[in-house]
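Everything below concerns the one structure shown next.
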Amino acid sequence: MTVRVRFAPSPTGMFHVGGARSALQNWIFAKQQGGVFVLRIEDTDAARNRPEWTEGILSALDWIGITRGSYEGPYFQSSYAGEHRAAAQRLYEGGRAYYCDCTREDVQARTGPQQRGYDGFCRDRGLPPGEGRALRFRTPDEGETVVVDLVRGEPTFENKLIEDFVIARGDGSPVFLLANVVDDMSMGITHVIRAEEHLPNTPKQQLLWDALGVKPPIWAHVPVVVNEKRQKLSKRRDKVALEAYRDEGYLADAMRNYLMLLGWAPSGDREIVPWSVIEEEFRLDEVNPSPAFFDEKKLRAFNGDYIRALPVEDFVGACRPWLTGTGTIAPPPWQPDEFDPAAFAAVAPLAQTRIAVLSEIVPNVDFLFLADPLIDEAAWAKAMKEGAADLLDAAIVAFEALESWDAESLKATLEAVGAERGLKLGKAQAPVRVAVTGRTVGLPLFESLEVLGRDRTLTRLRAARVRLV
Ligand code: GLU
């Protein structure tokens, strides 16, 4: 039997990190089993039918390594409406489903507001189909439904506690629960690996598989992803969009490594491991069923480690979208012709050790490419205290006289200028740094001045001095 798994996102306008995690788990499982990964877009909700949302899913998958053309699909659930209806009809004709004309109010009037679920009123009324009549599945009165779940063992559900649930609405349209089963069935899915939030629906779905006469798949309900307050990650409250992380400058390799640590770890106390190790070692039955904490701080630190591990030329290449502004990434504050690749290459190794996400490259290097630095006024106020004007005057004179414009000479010079005024180097650097870069923190100052060059450095120091008059 060929293993066939599927990833079945509903388009929502962004790609949830929890979805990315499930997609990767499916992907690896299929690969390990020599199986097939199917992508199905569950777009039956008309409002979720925007082509750009589907495109967003495809490109987000692509980014984390589930590349176009290397899987089956995408299929679109909306194209299989005929099959969904046919299955509903088959269940009706086989006596496994019945029509019901109860309104919610009718049911509540009979059962009282406390009781949840349907009371089975129409079970034996033999109503024919008709406008406004929902089709309900006749759940067995006895027995249990045992879900074989690679992550959770064998969750068992008593059938008598499962209500006769609706499988097609009053207008005849099949509900998602049924469509999802019918598609899995016709696509030959053998293993359903998906988020825990679908577990409550699983016994109902398994009953549908049984009723339609097909052996149900093996399930794996992977843990829900939560924030630091142990709340399920939500798009209203938390940063959940994979695209947001991508555009902020998380590396795909860091991201997918981190996502795979949600509820699982590779052997030997390691966290940062090559993808090939994850592909080899990952086991669904080792996934911890408890909610998995999506720790953004840890991910950030992780990403910093990944950035530092890049060969410098790869780092330079990886920064390019933020240096030029491509696609969904905002353009930098300088004009394209102001950018100087050689100057960037010169400071890149210094920046590489200091940033945790690639977008942070921009504020670190903008002083090199802008005609005038972007002055952070708070930084200015902090650095340009008493004595700053005098220090800048002395620095200007000393820098003008420098024979060799290199980091070492610049440092020795400013150190001497500071010492004459009883200032340690750190204190002497502050006004110079703000005058030249606009900020109090940034790349090592003297290397920055070396790359910026004598003329531009002096112009900025003089401009700052004028402002201090
Ligand atoms: N379309 C569902 C979702 O995005 C997935 C259902 C499933 O995986 O069975 O939550």
Side-chain angles (χ1 to χ4, degrees), residues 6 8 10 40-46 48-49 75-111 115-147 156-190 192 194 198-217 219:
R6 83 320 190 254
S10 305
R40 181 172 75 234
I41 308 291
E42 302 214 300
D43 60 343
T44 35
D45 183 345
R48 296 182 163 185
N49 235 339
Y75 297 118
F76 293 87
Q77 187 157 65
S78 55
S79 333
Y80 301 97
E83 279 85 340
H84 307 152
R85 279 176 190 267
Q89 184 64 21
R90 242 176 39 239
L91 290 168
Y92 172 63
E93 283 167 6
R96 302 304 308 266
Y98 60 88
Y99 282 98
C100 163
D101 63 0
C102 300
T103 63
R104 185 168 307 180
E105 292 73 34
D106 294 340
V107 179
Q108 291 216 333
R110 288 194 298 267
T111 62
Q115 190 178 322
R116 291 178 59 225
Y118 184 61
D119 62 350
F121 182 78
C122 292
R123 263 196 156 200
D124 302 311
R125 287 176 69 207
L127 286 180
E131 182 56 31
R133 290 183 179 165
L135 188 61
R136 287 187 181 273
F137 184 71
R138 190 188 297 277
T139 58
D141 296 324
E142 293 173 349
E144 308 176 319
T145 296
V146 180
V147 168
T156 301
F157 301 84
E158 267 192 81
N159 291 336
K160 69 168 188 276
L161 297 181
I162 304 174
E163 68 166 338
D164 285 355
F165 54 93
V166 171
I167 56 173
R169 303 179 190 87
D171 62 4
S173 61
V175 301
F176 169 72
L177 199 76
L178 176 65
N180 181 264
V181 165
V182 172
D183 290 346
D184 282 346
M185 211 172 266
S186 55
M187 292 172 192
I189 300 305
T190 58
V192 170
R194 62 182 179 184
H198 296 290
L199 183 61
N201 281 331
T202 306
K204 294 179 183 170
Q205 293 197 309
Q206 186 158 305
L207 287 172
L208 290 173
W209 281 83
D210 291 340
L212 289 164
V214 184
K215 185 171 167 286
W219 311 89

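Since the structure is predicted, the reported quantities are computational estimates derived from the model, not experimental observations. Values below: all heavy atoms of this structure, side chains included; hydrogens, waters and symmetry mates excluded.
The residues Asp183 and Arg6 are annotated as not salt-bridged, no charged nitrogen and carboxylate oxygen being separated by less than 4.0 angstrom. Salt bridge Arg40/Glu42: present, at least one basic N to carboxylate O contact under 4.0 Å.
The backbone N or O of Gly120 lies less than 3.5 Å from no partner atom in the side chain of Asp164, so there is not a single donor-acceptor pair.
Taken to the nearest 0.5 Å, the CD atom of Gln115 stands 10.5 Å off from the CZ atom of Arg110. Rounding to the nearest 0.5 angstrom, the gap separating the CD atom in Gln108 from the OG1 atom in Thr103 is 9.0 Å. Here the OH-CG distance, from Tyr99 to Leu135, works out to 4.5 Å after rounding to the nearest 0.5 Å. In this structure, the separation between OG1 on Thr44 and OH on Tyr80 is 13.0 Å, given to the nearest 0.5 Å. Taken from OG1 in Thr190 to CG in Asp184, the straight-line distance is 10.0 Å, to the nearest 0.5 Å.
Under 3.5 Å, the side chains of Ser78 and Asp43 contain a donor-acceptor pair of N or O atoms.
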Exercise for the section: Show your working on side-chain hydrogen bond (donor to acceptor under 3.5 Å, both in side chains) between Gln206 and Trp219 and close with a plain yes or no. Expected result: CA-CA 10 Å; Gln206 186 158 305; Trp219 311 89; 2.9 Å; yes

Exercise for the section: Mind running side chain to side chain contact (heavy atoms under 4.5 Å, CB included) on Asn159 and Thr139 for me, showing each step along the way? Expected result: CA-CA 7 Å; Asn159 291 336; Thr139 58; 5.7 Å; no

Practice task
Take Asp124 and Arg138 through the test salt bridge (charged side-chain N to carboxylate O under 4.0 Å, His left out) and record every step on the way to the result.
Solution key: CA-CA 10 Å; Asp124 302 311; Arg138 190 188 297 277; 3.5 Å; yes

Exercise for the section: Would you please test Arg133 and Asp171 for salt bridge (charged side-chain N to carboxylate O under 4.0 Å, His left out) and show each step? Expected result: CA-CA 7 Å; Arg133 290 183 179 165; Asp171 62 4; over 6 Å; no

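Using a 4.5 Å cut-off on side-chain heavy atoms (C-beta onward), Tyr118 and Cys102 make contact. Within the 4.5 Å cutoff, the side chain of Val147 has no heavy atoms near those of the Gln205 side chain.
Cation-pi contact between Arg136 and Phe165: absent, since separation from the ring centre below 6.0 Å together with deviation from the ring axis within 45° is not met.
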